[in-house]
Asker: 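Below you'll find the structure I mean.
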Amino acid sequence: MLQTIIRKYWIPLKPYYTQVYQEIWIGMGLMSFIIYKIRSADKRSKALKGSSPAPAHGHH
Amino acid sequence: MNENLFASFITPTLMGLPIIILIIAFPNILFPSPNRLINNRLVSFQQWLIQLVLKQMMTMHNLKGRTWSLMLISLIMFIGSTNLLGLLPHSFTPTTQLSMNLGMAIPLWAGAVITGFRHKTKASLAHFLPQGTPIPLIPMLVIIETISLFIQPMALAVRLTANITAGHLLMHLIGGATLVLTSISTPTAMITFIILVLLTVLEFAVALIQAYVFTLLVSLYLHDNT
């Protein structure tokens, strides 16, 4: 199956993936970085909300 | 009512498995790859359409820009087919999800901008200051141009999401209204039904237009940068 994938997609599209789309790969790296940041912020806020069930304004 | 309205925008899962992947991959089988010189009717018709779009879209680009033809044509085919398939009743449209549209917009926009900075650095930086601005306005205008540059991927994604989502929501609402009105007052229901038909025609147009606009803007950003 891997050989079919290589024969059908990688070999005909090799110049695209290696030369033309270089900047798009960088853009995809940027996008994955943004996704990572959003997910980690979400996880952090969920963990914070879960670990401190007391209301935030009742401490004064 | 609220639950019903937005239920069609939930990412579909079948017994815990994300079938969204199958839904995104589905339009692929509607475009068979041509493997002869003269193909059957469906493939010939698609080839003719693709050539029409290709010529219209890629004429303005230079050699470097035309290396992106495959990407741009794939983009418009995907968005167009996904939007049109979403007009079927009870179907799920992946392009209603902001996550997917951002996933399409950010790499393509970043690719175009980085191409510009890499190959024509001075010209790319010069885009931040339009020609003929009075000197006192220069700092503010550079800030404004920077903001407008970084808003481009957001605008691309949100435009597509909002248009398709709004269209689907309107059809839900007006369809629901038509259904309820049939038992109350039939002439009003007829009018609402005509509105629904017109809206459906509009949605067909919007599906195609939004695909075109998305791709055109990406190609414009590319043109600025090659």
Side-chain angles (χ1 to χ4, degrees), chain A, chain B residues 25 28-29 31-35 58 61-75 78 97-121 124 149-154 156-158 215 217-219 221-226:
Chain A
M1 194 188 86
L2 194 64
Q3 285 186 343
T4 323
I5 291 178
I6 293 179
R7 205 183 321 129
K8 268 183 80 176
Y9 301 112
W10 174 255
I11 291 179
L13 291 175
K14 194 161 111 145
Y16 282 101
Y17 292 151
T18 47
Q19 290 163 8
V20 179
Y21 294 160
Q22 281 171 353
E23 294 93 5
I24 298 184
W25 293 124
I26 301 178
M28 280 180 73
L30 171 70
M31 177 189 78
S32 49
F33 175 69
I34 294 175
I35 292 173
Y36 164 72
K37 278 295 186 193
I38 293 178
R39 276 188 75 140
S40 74
D42 190 38
K43 241 183 256 190
R44 205 181 321 131
S45 85
K46 283 213 173 82
L48 219 62
K49 214 184 286 185
S51 71
S52 61
H57 60 274
H59 287 292
H60 304 296
Chain B
N28 180 33
I29 65 177
F31 299 112
S33 7
N35 54 5
M58 303 310 291
H61 287 119
N62 56 9
L63 197 65
K64 183 104 187 65
R66 284 182 191 167
T67 53
W68 278 49
S69 315
L70 182 64
M71 175 59 82
L72 292 175
I73 296 298
S74 314
L75 191 66
F78 175 68
Q97 309 297 312
L98 183 64
S99 52
M100 168 150 143
N101 296 333
L102 276 172
M104 286 195 292
I106 292 183
L108 292 172
W109 166 83
V113 167
I114 294 173
T115 309
F117 273 111
R118 193 176 166 200
H119 297 281
K120 294 172 29 174
T121 320
S124 291
L149 180 74
F150 282 104
I151 267 203
Q152 281 173 351
M154 301 291 130
L156 268 178
V158 171
T215 317
L217 282 171
V218 171
S219 99
Y221 300 152
L222 183 68
H223 184 64
D224 275 342
N225 286 309
T226 49

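Throughout, protein chains are lettered first and strands after them, A, B, ... in sequence-line order, and every chain is numbered starting at 1.
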Asker: Is W10(A) reaching over with its side chain to a backbone N or O of Q3(A), donor-acceptor style, under 3.5 angstrom?
Answerer: no
Asker: Decide if atom CE of M58(B) counts as having more than 12 heavy atoms of other residues, nucleotides or ligands within a radius under 6.0 Å.
Answerer: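 Result for CE/M58(B): enclosed.
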Asker: Can you tell which part of Q22(A) gets under 4.5 Å to a heavy atom of chain B, answering side chain, backbone, both or neither?
Answerer: side chain
Asker: Tell me, side chain or backbone of L13(A) under 4.5 Å from chain B's heavy atoms, or both, or neither?
Answerer: side chain
Asker: Got more than 12 heavy atoms from elsewhere within 6.0 Å of CG, L63(B)?
Answerer: no
Asker: Report yes if the side chains of W109(B) and I24(A) come closer than 4.5 Å at any heavy-atom pair, otherwise no.
Answerer: no
Asker: May I ask you to list the residues in residues 68-75 of chain B that approach chain A closer than 4.5 angstrom, counting heavy atoms only, ordered by number?
Answerer: W68(B), L70(B), M71(B)
Asker: Tell me, side chain or backbone of I38(A) under 4.5 Å from chain B's heavy atoms, or both, or neither?
Answerer: neither
Asker: May I ask you to name which of G111(B), S33(B), P107(B) has the most heavy-atom pairs under 4.5 Å with chain A?
Answerer: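 The candidate making the most pairs under 4.5 Å is P107(B).
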Asker: Considering residues, nucleotides and ligands other than K64(B), do more than 12 of their heavy atoms fall under 6.0 Å from its NZ?
Answerer: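 Check passes, neighbour count above 12.
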Asker: Can you tell me how far the CG atom of L102(B) sits from the CD atom of Q97(B), to the nearest 0.5 Å?
Answerer: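 Answer rounded to 0.5 Å: 11.5 Å.
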Asker: Is there a donor-acceptor pair closer than 3.5 Å between any side-chain N or O of S124(B) and the backbone N or O of G116(B)?
Answerer: yes
Asker: Is it the case that more than 12 heavy atoms not belonging to Y9(A) sit under 6.0 Å from its OH atom?
Answerer: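 No, because the 6.0 Å sphere around OH of Y9(A) holds 12 heavy atoms or fewer from other groups.
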